[in-house]
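See structure below.
Fair warning: this is a prediction, and the values are worked out from it, not measured in the lab. Because only heavy atoms are used, hydrogens play no part in the values below, and waters and symmetry mates are left out as well, while side chains stay in.
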Amino acid sequence: MVADFVASSNQPEPHDFGLSKRELEVLALIAEGRSNPEIGRRLFITRKTVAVHVSNILTKLGVSGRVEAAAAAIRLNITEGR
């Protein structure tokens, strides 16, 4: 039990870059290579809403596209365990 606590405390907390819970969900699906229509169907939201979330994600991460956002999410473990 103590070993579990020590092991988990050695790992840095991932930075969420101010992303909302929904934006983190969208980012995880972007990292899986999902399209806006696929993300919308998965999360029961419109494509337009997905597009707004994607735009917010790109701005908050300071990247210019989905591929950069996915790479940043994977590299920084933003979507880990979500």
Contact check, side chains of Leu61 and Leu76, non-hydrogen atoms, under 4.5 Å = no
Which value, rounded to the nearest 0.5 Å, describes the distance between Leu27 atom CG and Ile74 atom CD1?
-> 9.0 Å
Closest non-hydrogen atom pair between Ala31 and Ala70, with its separation | CA-CB, 3.7 Å
Do Thr49 and Thr46 touch side chain to side chain, with heavy atoms closer than 4.5 Å?
-> yes
Between Leu43 and His53, does a side chain to side chain contact (heavy atoms under 4.5 Å, CB included) hold up when you go through it step by step?
-> CA-CA 12 Å; Leu43 299 178; His53 287 312; over 6 Å; no
May I ask you to decide if Phe17's main-chain N or O and Lys60's side chain share a donor-acceptor pair within less than 3.5 Å?
-> no
Looking only at heavy atoms, the pair that brings Ile39 and Arg66 closest together is CD1-NH2, 3.8 Å
Once you round to the nearest 0.5 Å, how far does CD1 of Ile30 lie from CD of Glu25?
-> 12.0 Å
Provide the closest heavy-atom pair for Leu58 versus Ala69 in the form atom of the first, atom of the second, distance.
-> CD2-CB, 3.8 Å
Go through the structure and list residues passing salt bridge (Lys or Arg N to Asp or Glu O under 4.0 Å) with Arg42, not counting sequence neighbours.
-> none
Contact list for residues 30-39, test salt bridge (Lys or Arg N to Asp or Glu O under 4.0 Å), sequence neighbours left out = Glu32-Arg34
How about Arg22 and Ile45: do any of their side-chain heavy atoms sit closer than 4.5 Å?
-> yes
What's the verdict on side chain to side chain contact (heavy atoms under 4.5 Å, CB included) for Leu24 and Ile57, showing C-alpha distance, side-chain angles and the deciding distance?
-> CA-CA 8 Å; Leu24 289 168; Ile57 291 165; over 6 Å; no
Would you name the heavy atoms of Arg47 and Pro37 that are closest together and state the gap between them?
-> CD-CG, 3.4 Å
